[in-house]
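In what follows, a single structure is set out as structure tokens and then discussed.
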Amino acid sequence: MPEQSSTPLVLDPAASDHHAEHQALRDRGPATRVDLLGLTVWSVTDPTLLKQLLTSTQVSKDGRAHWPAYADTVSTWPLALWIAVESMFTAYGGDHRRLRRMVAPALSARRVQDLRPTVETIVTTLLDDLEARPAGESVDLREHFAYPLPIAVLGRLMGIADSQLRGFRNVVDGVFDTTATTVQAAENTASLYKALDDLIAAKRAEPADDMTSLLIAARDHEGDGGGFTDGELRDTLLLMISAGYETTVNVIDQAVTALLTDPEQLSHLRAGRATWDDVVEETLRHEPALKHLPLRYALTDIALPDGRTIPRGEAILASYAAANRHPDWHGPTADRFDVTRLNKDHLAFGHGVHFCLGAPLARMEVATALRLLFTRFPDIELAVPAGELRTLPTAIGNGHRTLPVRPRRTTGEPAR
């Protein structure tokens, strides 16, 4: 029987041992009350229940409309930005359909496909830079490969200059920081919105063939009142930037880490028993880019499989990482990274109407990065013991602070 407790489990804001924490969540049943930076919410880890809630019309992401505690929380909670933004991320029902309809063309299959040569060129340039370093030198692959790739892709997609992107990176990092105080989070939010306002002003003055100009046009020229409000436009750009880079960085980081700590997995690739797409999907299952995603809200009492109830008006935390490794979904080997696993299903991109629009782009970026990296450097290795890698101090993001490697190019058989 699950270990039930009326005392909320306090989630570590620095996520110092997130795997143990996720096991503790699963041990407490399909859903359990947790303390997330002082806020009591329901963490859902059972994949079947979570998928039901993510597709239910009785669960909303609109805290303004459907969460009685919204007004008291938004002014004091360090993660207020996650619930206060006005975009499809926090929209419900007709508002969500309206906003998603306007964003979808900017991430169409054609635009993603058109970006493939650009992604390959960016990756090749980054690998050239790595190869130019002194032989045997250690390099932080997260900083010098995983970060600059999605940053450069976002620049091309959204028409943002490199100098502007560097500024965005600093403030977007703050969005994922669950160790920041309320004051620090508020200061970071102000800096972030200043950068977004500057971007909107620049693109409104000189529009181009990019996502930012496309979204501004939808705001300025929609004739039936169905376009973006000013707040929705700004927060939609925030969503595209924050969701488009930090998450991709983490998946590249985790995939490389998994492959370099388990040579058997690379042997599967080199023998043709697995593909780079398999690596991407297994990484998304095993170490998703986001551990938890705040927040959703119960519009009615929700009966749980173990007889308890999530009361109407209470907040729900989608605990994707814990759900992805649930033994009811992936059996006794759920904790093992295995690129040959037949069922690699996961919730890394969400589920239902809020499924991530940028998923095809992220998958393409990561697969391209991994394929070209291990082809160029077939004998790349970690520069420190795996046990010395330190995880990011955040309850939301899921990566390492640094990823030191030696990008050795020797005579080994390249991965296919």
Side-chain angles (χ1 to χ4, degrees), residues 15 18-19 22 26 44-48 50-51 54 89 107 112 119 123 141-142 145-147 149-150 153 176 242-262 265-266 268-269 273-293 317-331 333-352 354-371 373-374 389 391-392 394-400 403 415:
H18 62 280
H19 293 137
H22 298 163
R26 291 190 293 263
V44 181
T45 60
D46 179 85
T48 300
L50 186 51
K51 284 187 278 188
L54 295 176
F89 182 76
L107 290 168
V112 171
V119 171
V123 172
L141 198 71
R142 185 174 172 96
F145 184 68
Y147 263 122
L149 170 59
V153 173
F176 291 85
S242 58
Y245 113 81
E246 172 74 16
T247 51
T248 303
V249 174
N250 287 342
V251 180
I252 294 172
D253 170 353
Q254 295 287 8
V256 171
T257 301
L259 292 172
L260 295 187
T261 53
D262 189 347
Q265 303 305 314
L266 270 177
H268 289 316
L269 285 154
R273 294 186 293 268
T275 67
W276 290 112
D277 289 337
D278 289 325
V279 175
V280 173
E281 294 311 306
E282 179 63 351
T283 303
L284 290 165
R285 184 201 70 82
H286 188 254
E287 293 285 4
L290 303 178
K291 296 188 284 282
H292 306 279
L293 192 64
L317 181 69
S319 294
Y320 292 137
N324 279 358
R325 292 199 190 189
H326 201 292
D328 287 353
W329 198 3
H330 292 291
T333 65
D335 282 332
R336 173 166 165 71
F337 180 84
D338 181 4
V339 296
T340 67
R341 184 185 302 275
L342 295 180
N343 176 14
K344 302 180 184 68
D345 292 348
H346 56 79
L347 293 168
F349 291 119
H351 185 70
H354 282 276
F355 185 85
C356 178
L357 277 174
L361 177 59
R363 283 176 160 129
M364 184 266 283
E365 284 185 64
V366 176
T368 302
L370 296 175
R371 173 175 56 84
L373 172 68
F374 282 90
L389 295 177
T391 57
L392 290 171
T394 170
I396 296 177
N398 187 22
H400 298 97
L403 184 57

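Computed from a prediction, not measured in an experiment: that's the story for all the values here.
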Query raised in the report: Under 4.0 Å between a Lys/Arg side-chain N and an Asp/Glu carboxylate O for Arg363 and Asp277?
Result: no
Query raised in the report: Would the His330 and His326 ring centres measure less than 6.0 Å apart?
Result: no
Query raised in the report: In Å, rounded to the nearest 0.5 Å, how long is the span from CH2 of Trp329 to NZ of Lys51?
Result: 4.5 Å
Query raised in the report: Can you check whether Ile252's main-chain N or O pairs, donor with acceptor, with Arg142's side chain at less than 3.5 Å?
Result: no
Report task. Evaluate the side-chain contact (heavy atoms from CB on, under 4.5 Å) criterion for residues Asp345 and Asn324: first the C-alpha distance (whole Å), next the side-chain angles of each, then the deciding distance (0.1 Å), finally the verdict. Result -> CA-CA 8 Å; Asp345 292 348; Asn324 279 358; over 6 Å; no
**Report entry** Interatomic spacing from CG in Leu290 to CD in Glu246 - rounded to 0.5 Å
**Finding:** 8.0 Å
Report task. Starting from the C-alpha separation in whole Å, work towards a yes-or-no answer on side-chain contact (heavy atoms from CB on, under 4.5 Å) for Leu357 and Phe349. Result -> CA-CA 9 Å; Leu357 277 174; Phe349 291 119; over 6 Å; no
Query raised in the report: Would you say the side-chain atoms of Lys344 pair up with the backbone N or O of Val280, donor to acceptor, closer than 3.5 Å?
Result: no
Requested in this report: State, without any angle test, whether His292 and Ser319 hold a side-chain donor-acceptor pair at a distance under 3.5 Å.
Outcome: yes
Requested in this report: Decide yes or no on side-chain contact (heavy atoms from CB on, under 4.5 Å) for Val249 and Leu149, but give the supporting numbers first.
Outcome: CA-CA 8 Å; Val249 174; Leu149 170 59; over 6 Å; no
Report task. Could you list the residues that satisfy salt bridge (charged side-chain N to carboxylate O under 4.0 Å, His left out) with Glu287, not counting sequence neighbours? Result -> Arg325
Requested in this report: Kindly determine whether Leu389 and Thr257 satisfy side-chain contact (heavy atoms from CB on, under 4.5 Å), including the steps that lead there.
Outcome: CA-CA 9 Å; Leu389 295 177; Thr257 301; 3.8 Å; yes
Report task. Tell me, please, which residues at least two apart from His346 pass ring-ring contact (aromatic ring centres under 6.0 Å, His included). Result -> none
**Report entry** Test item: Val256 and Leu370 side chains (from C-beta on) under 4.5 Å apart, heavy atoms
**Finding:** yes
Query raised in the report: Hey, does Asp338 have a side-chain heavy atom less than 4.5 Å from the side chain of Thr333?
Result: no
Requested in this report: Give a yes-or-no answer on whether the side chains of Thr275 and Asp278 include a donor-acceptor pair shorter than 3.5 Å.
Outcome: yes
Query - Pro150 side chain near Glu365 side chain, heavy-atom distance below 4.5 Å - result: yes
Report task. For residues Lys291 and His22, determine if any side-chain heavy atom of one lies less than 4.5 Å from a side-chain heavy atom of the other. Result -> yes
Query raised in the report: Is there a donor-acceptor contact under 3.5 Å from the side chain of Gln254 to the main chain of Asn398?
Result: yes
Report task. Identify the two heavy atoms, one from His286 and one from Ala334, that lie closest to each other, and give their separation to 0.1 Å. Result -> CD2-O, 4.3 Å
